[in-house]
Structures are given as structure tokens and as C-alpha cells.
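All remarks here apply to the structure that follows.
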There are 2 protein chains.
Amino acid sequence: MSKIQYQTLYREVADRIRELIEHGDLASGQRIPERELCEQFGVSRTPLREALKVLASEGLVELLPNRGARVRQLTLKMVKDTYDLMAALEGLSGELACQHISDEGIARICALHEKMLQHYRDRELAEYFQVNRQIHESILTASDNEVLQEMYNNLSQRVKRVRYSKKMTDSFWERAVSDHEKMIEALKQRDGQQLGQILRDHLCNKLEVAAVDGVLDDRESA
Amino acid sequence: MSKIQYQTLYREVADRIRELIEHGDLASGQRIPERELCEQFGVSRTPLREALKVLASEGLVELLPNRGARVRQLTLKMVKDTYDLMAALEGLSGELACQHISDEGIARICALHEKMLQHYRDRELAEYFQVNRQIHESILTASDNEVLQEMYNNLSQRVKRVRYSKKMTDSFWERAVSDHEKMIEALKQRDGQQLGQILRDHLCNKLEVAAVDGVLDDRESA
DNA sequence: AAAAGGCATTATGAATACAAAATTCCCTGA
DNA sequence: TCAGGGAATTTTGTATTCATAATGCCTTTT
């Protein structure tokens, strides 16, 4: 297996720090110790500081002039706002996908849908989630809009680190599957408006379900 | 008395390069001469390279490992895709604004609208555009969603540098004003769905009008 | 005991130095 | 004439150095 070889250190460092943040090894609001990370990664400060600048403009890190970097605090409002935005983008991806997707593309998504249904019937949550994600990714790809994909992935990255406390209940699961049934129907008919609407509501529903955990309730405290 | 703006060089350098790109002083696809810009700005390579990394993750610049930076090429498709996205975001901003805006906020926008109408009647195009922009900005602000605002501004930045060849015809101008009339009506009634729909169509219309100029027709050529 | 001031230490921002990659240019040989 | 092949040069990526701002600690003063 040939992993992509990084051509520059700062990209690799940025990826590593992204992982640290996503996994919570660098906690929300925590100061990012420049010197320590340099030693840990075995690089000098130059590529590390370049990586931090990139992460800052991705919204993961906060740079305070002359006072170092910290992991950007996520507030509950920020997470909700991000979900609102992602819902709108998913909706758009559905509309565009209906315009651009090929018949084979639809067939592939239908196949994924059947696979997901099987995992639902077998109550295999992890596998269900994985295929679920593949479906949404496929629609996003089918939108054939790279800027949209870039933006969506950025937003997704930002909220990846939040952990949800509520469990998936049967009724919510059922509702999600039912949404997906309607999605597939709309996709087959290439009804962009309809698919867009379903996707928007689908994600809103998802956030309602998920009680967000480990996030500040109102405002950031420096 | 204005606050001290720049605490760090890389931010200032990034702003300066943004301007160069926006004004076309650095043309699309052009190689960005590191050494020259350092001399021009009177800074060392470190802050300049940091700025370039930021600009790259903003989508304005392309970084080729070991081969320098160039101004990212805009293709016609990319511009269209960006407009589709911006339309969706404007739509969302309208929906959210209707939920969050205060009565005073609505009044302020109505006042701007009246001002804009006056410029329309007086055929003052530049002034019209300025107030027009203020209205859209006000709605975006009223959405009370900072993530949305950040993303919209980034997209807006990306396409700022395209120059449009077609002139604003009377009929298009009339259509735009009529859209705005409907927008104000929807806003007054806090009809988010309606306002969102109008805003989405409004921007689509805008791109249709504008024949994009100085942009590659199909694909980027390295 | 608490607040204020100042010195020492540390961390940050920017410039410089150095190694490696890419590019240029000139030469050679068909 | 032109393709190929190296040096020489330039450019790029990273490490290191240096100046300055921030932080912590200790003393002094009330």
C-alpha cells in the first residue's frame, strides 16, 4: 500500500494536528505548545508555524498575535450554525446532482441504499453509518461542483470533533431510513427541488437528535 | 482614532497580495515571484510564505511543491459553480434573517431600499450598486450566522477579480429592482421561504446577465 | 498581606543561513 | 541544426538565529 508521500512538511504537520484536534488530543481552547509539537514531530518551527496558519484559515485554530495558537473553541451556537449551513449545502448538492448524475450514478447510489437498508434490518449501526456516509458523499460528488465539495468538507472537518451524547433511538433511525427512501425516490425521478428539500430537512433532523457534548454553552471564554 | 490594524506582517502581506490579485496586477495563472514581492514589500521570505499558505487555503493561490506559487486560474465553470453556491448561501441568509432580524433592522433595510430606488430613478449606477451591496450585506449580517458570513465572504473574494463584459441593460436593471421590491415585501412579512427563494433566483439572474471575461473557457492549463 | 515594580525567563515573530530541488544555459555530438 | 547532457544559477523548503513582546517570579512598599 503506497500512501501518498507528502512533498512538504507543513502539509504533513497540518494533517497531524488536524488529527490531534479531531481526536481530542488537543482539547477545545487548549493552547498549542509550539516547541513541544516541534520536538514531537521532529521538525523546526518554520513548517509548524506554516501549518498553524493554514489551520487557522480553515477555522480549526485561533492565532493570537504574540500570544500563540489555541484550538478554536466550539460553541453550541457555532455548531448549530454550521449544521444550518451544511444542510443548505447538502440541499444544493441534491439539486445539482439531479441535473448532472448519470443513470449509472443513480444505480450505484441505489445499490448503496439497498446495502444500507440491509444494515438497518440487521441493526448494524456502525456499518449503517458508513454506507450512509457513502451515499451522502456520492450525491455531493455527483453535484459536479468542486467549490461546493471543498466548502462542505471544510465545514464537516470543523464539527468532526464534537461528540454526541444522545444515542440513536429506534424511532429516529426509522425516520432517517424513511428520509432516505424518499431521497432515492426523488433521485430516481431526478426531482432536484424535492431531493434538495429532503436533504435539508434530513440534516436538520440529525442535529435535533444529537445532543452536543463537550462544547461551550454560550460564549467562548478566552 | 482607528485601532492598530496589523500586529503581524503575514496578515498585512496577505492583504496586499489579495489586492494585487483582485486588481489583476497579479494575473490569473501568473507565477508569484517570491523574491520580488519580498523586496517590494520590504519583508523577508518568512512572512511572505506564510501569507501565501493562507491565500492558498482561501483558494486564491495555488502552491506547487518545489515549484512556487501561482495565482489560481479561474475557469468559467468554477465561476458558475461559485455563483450557484453563493446563491444558495444568500437564500439561507434570507431565511435566517427573517427569523432573527429586529423590527429596527427591517426598518434600516427598508430605508436602504428607498435610497437605492432613488439612485435607480436618477440612473446613478455606481451609487445604486453600492447601496445594493449594503442591502445584501445587511441581510447577511441579520442572519446572525458567523460561519455563513465567513464562507460567503470567502466565495465573494474568490470571484471579485472577474471582470464582466456585458453592460447592465435597462431591462435587467428593471428586473433587479423588481426583485428587490419583492424581497422587501417578503422581509416585512418575515417570510423566510419566500425571501430565500427570491434571493436564490436573484443571484442566478445576475450571473446570466454578466458575461464573464478574462477567464479560461474550459480547463486550466498549467 | 496585598499590590506594584522590575528583572529574568520564555515564547513569539521575523530575518538569515543552508541544503536540496528545479531551472537555465552552454556545450557537445550527431 | 538541433537534441541531449551536465555544470552553474536560481528558487524553494527547512533550520537556525536574533530581536522583541509576553510571562513569571521575586522584591519592595504600603
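Here is how names work: the chains are called A, B, and so on, in the same order as the sequence lines, proteins then strands, and each is numbered from 1. Scope of the values below: all heavy atoms of this structure, side chains included, with no hydrogens, waters or symmetry mates.
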Test of understanding: with side-chain hydrogen bond (donor to acceptor under 3.5 Å, both in side chains), list the residues that count as partners of [X], not counting sequence neighbours.
{"X": "A/Arg158", "result": "A/Asn154, B/Glu150"}
{"X": "B/Arg31", "result": "none"}
{"X": "A/Asp103", "result": "A/Arg190"}
{"X": "B/His136", "result": "B/Glu90, B/Asn132, B/His180"}

What is the first contacted nucleotide of DNA chain D and what is the last, in 5' to 3' order, if contact means an atom lying under 4.0 angstrom from a heavy atom of chain B? D/dT11 to D/dT14

A/Arg35 CZ - C/dT9 P separation (whole Å): 15 Å

Calculate the interatomic distance between A/Glu36 atom CD and C/dA11 atom P; express it in whole Å. 9 Å

With sequence neighbours left out, write down each residue that passes side chain to side chain contact (heavy atoms under 4.5 Å, CB included) with B/Glu104, or none if nothing qualifies. B/Ser102, B/Arg108

Could you list the residues that satisfy side chain to side chain contact (heavy atoms under 4.5 Å, CB included) with A/Glu19, not counting sequence neighbours? A/His23

All N/O donor-acceptor pairs, side-chain side in residues 47-61 of chain A, below 3.5 Å, sequence neighbours left out:
from, atom 1, to, atom 2, distance (Å)
A/Arg49, NH1, A/Glu34, OE1, 3.1
A/Ser57, OG, A/Val54, O, 3.3
A/Ser57, OG, B/Ser57, OG, 2.2
A/Glu58, OE1, A/Arg18, NE, 3.0
A/Glu58, OE1, A/Arg18, NH2, 3.4
A/Glu58, OE2, A/Arg18, NH2, 2.9

So which pairs with a foot in residues 135-149 of chain B pass salt bridge (charged side-chain N to carboxylate O under 4.0 Å, His left out), sequence neighbours left out? A/Lys77-B/Asp144, B/Arg133-B/Glu137

Using a strict heavy-atom distance below 4.0 Å, which residues from residues 39-55 of chain B are in contact with DNA chain C? B/Val43, B/Ser44, B/Arg45, B/Thr46, B/Pro47

Quick one: closest heavy-atom pair of A/Ser28 and A/Arg72, and the distance? OG-O, 3.5 Å

Please tabulate, one pair per line, each protein N/O and nucleotide N/O from nucleotides 20-24 of chain C that are separated by under 3.5 Å, including the distance.
from, atom 1, to, atom 2, distance (Å)
C/dT23, OP1, B/Arg67, NE, 3.4
C/dT23, OP1, B/Arg67, NH2, 3.0
C/dT23, OP2, B/Arg67, NH2, 3.3

With B/Arg35 via salt bridge (Lys or Arg N to Asp or Glu O under 4.0 Å) - residues at least two apart: B/Glu39

